[in-house]
Amino acid sequence: MTAPVFVVDSLDVLPGGECVVDGPEGRHAVSVKRLRPGEDVVLTDGRGHWADGVVKAAEGKDRLVVTGLESVHEEPAPAPRITVVQALPKGDRGELAVETMTEVGVDAIVPWAASRCITQWKGDRGLKALAKWRATAREAGKQSRRVRFPEVADAATTQRVAALLAGAGFAAVLHESGDLPLATADLPAEGEIVLVVGPEGGVSPEELALFTRAGARPYVLGPTVLRTSTAGTAAAALLLGRTGRWG
């Protein structure tokens with residue numbers, strides 16, 4: 001994808017091959033990107049469906065008329081699917097992790113309330129934080145010209161993470177106790193890869209034991225220690241290259 005990407009609710013019906021993009025998306029297209037008639041764009045629902053179009057008109061501050069939408073394409077779901085379980089970082093580092101993981105190509109992100117997390121999502125604060133993660137994934141998906149945005153799940157308990165690991169084709173926990181580098185792991189060609197990234201204080205022994213019983217193994221990423229907000233992105237990039245999804 002080389003043309004700028006904009007999100008629409010649905011691409012099911014495109015009468016006359018024309019669509020109006022308004023609201024926040026239209027404002028971004030008209031007032032921020034300053035698109036003009038004749039420029040190419042891509043419209044997507046963020047769920048793998050997309051259509052090429054051409055700007056017909058930019059009206060006011062927030063209304064973009066797109067034409068030339070002759071057919072809707074569907075991008076196949078990638079294989080293997082890569083899910084990162086991300087422990088809740090401090091401050092805005094969670095949004096940074098979501099942004100960069102989206103840019104490299106992660107398929108799903110699961111916020112995890114690990115026992116050693118300083119940040120805890122509770123009540124309205126938790127709902128707002130989750131909404132920020134989802135909005136960040138959407139914006140990063142557009143910026144990186146993706147048409148299938150990553151799913152950001154509800155915050156998971158440790159038991160829920162163990163269940164995810166038990167159902168994975170390959171399950172890994174980034175942990176200093178690992179005796180194997182992730183770069184040498186035997187990865188599946190299909191199914192789901194689930195990778196757990198702990199908090200700044202690390203995955204607790206009890207959590208690691210539970211995840212190991214669920215079928216996961218501890219792996220090391222490299223000789224240096226990464227922050228929780230960057231470890232998932234670095235590991236995902238490694239996995240994307242090794243599985244052939246980057247190539």
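Note that this is a predicted model, so its numbers are computed, not measured.
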Look up atom [atom1] in [X] and atom [atom2] in [Y], then write down how far apart they are to the nearest 0.5 Å.
X	Y	atom1	atom2	value
Leu240	Arg242	CG	CZ	12.0 Å
Ser229	Met101	OG	CE	9.5 Å
Glu99	Trp133	CD	CH2	13.0 Å
Leu96	Arg227	CG	CZ	10.0 Å
Asp9	Leu43	CG	CG	11.5 Å

Are [Y] and [X] co-members of a hydrophobic cluster defined by side-chain heavy atoms under 4.5 Å apart?
X	Y	value
Trp246	Val84	yes
Val41	Val72	yes
Leu226	Leu238	yes
Ile82	Ile109	yes
Leu88	Leu195	yes

| In terms of side-chain geometry, is the basic nitrogen of Glu25 or Lys142 positioned less than 4.0 Å from the acidic oxygen of its partner? | yes

Could you list the donor-acceptor pairs under 3.5 angstrom formed by side chains in residues 170-181, with sequence neighbours left out?
| from | atom 1 | to | atom 2 | distance (Å) |
| --- | --- | --- | --- | --- |
| His175 | ND1 | Ser177 | N | 3.1 |
| His175 | ND1 | Ser177 | OG | 2.8 |

Do any side-chain atoms of residues 211-220 form donor-acceptor pairs under 3.5 angstrom with protein atoms, and if so which ones, sequence neighbours left out?
| from | atom 1 | to | atom 2 | distance (Å) |
| --- | --- | --- | --- | --- |
| Thr212 | OG1 | Leu208 | O | 2.8 |

Do [X] and [Y] come within less than 4.5 Å of each other through their side chains, counting heavy atoms only?
X	Y	answer
Arg47	Glu151	no
Val197	Val85	no
His28	Phe6	yes
Lys90	Pro199	no
Arg36	Val55	no
Leu164	Val110	yes
Pro188	Ile193	yes
Trp121	Leu127	no

Under the rule for salt bridge (charged side-chain N to carboxylate O under 4.0 Å, His left out), what residues qualify as partners of [X], not counting sequence neighbours?
X	value
Lys56	Glu18
Glu95	none
Arg63	Glu59

*asked:* Run the side chain to side chain contact (heavy atoms under 4.5 Å, CB included) test on Val7 and Arg138 for me, step by step, so that the C-alpha distance in whole Å, both residues' side-chain angles and the decisive distance to 0.1 Å come before the verdict.
replied: CA-CA 9 Å; Val7 181; Arg138 173 187 169 110; 3.6 Å; yes

For residues 66-98, the ring pair (Phe, Tyr, Trp, His ring centres under 6.0 Å) pairs (sequence neighbours left out) are Trp50-His73

Do you know the tightest heavy-atom contact between [X] and [Y]?
X	Y	result
His49	Thr44	O-OG1, 2.7 Å
Val152	Ala137	CG2-CB, 3.8 Å
Leu221	Ala234	CD2-CB, 3.9 Å
Ala29	Leu64	CB-CD2, 3.8 Å
Ala168	Val194	CB-CG2, 3.6 Å
Ala235	Leu182	CB-CD2, 3.9 Å

Return the set of residues passing side-chain hydrogen bond (donor to acceptor under 3.5 Å, both in side chains) with [X] (not counting sequence neighbours), or none when no residue passes.
X	answer
Thr102	none
Ser31	none
Thr100	Thr233

message: Run the side chain to side chain contact (heavy atoms under 4.5 Å, CB included) test on Val30 and Leu35 for me, step by step, so that the C-alpha distance in whole Å, both residues' side-chain angles and the decisive distance to 0.1 Å come before the verdict.
response: CA-CA 6 Å; Val30 175; Leu35 295 180; over 6 Å; no

Residues 152-171 vs side-chain hydrogen bond (donor to acceptor under 3.5 Å, both in side chains), sequence neighbours excluded, gives Trp112-Thr158, Arg134-Asp154

Quick note, side-chain hydrogen bond (donor to acceptor under 3.5 Å, both in side chains) partners involving residues 184-202, not counting sequence neighbours, are Arg81-Glu192, Thr83-Glu192

Side chain to side chain contact (heavy atoms under 4.5 Å, CB included) assessment of Arg148 paired with Glu74: CA-CA 9 Å; Arg148 188 180 290 275; Glu74 182 173 6; 4.2 Å; yes

- prompt: Regarding Ser115 and Glu206, is there a side-chain donor-to-acceptor distance under 3.5 Å anywhere?
  reply: no

| query | Can you find a side-chain donor-acceptor pair between Ser204 and Glu207 that sits under 3.5 Å? | reply | yes

Salt bridge (charged side-chain N to carboxylate O under 4.0 Å, His left out) pairs touching residues 101-123, sequence neighbours excluded, are Asp107-Arg245

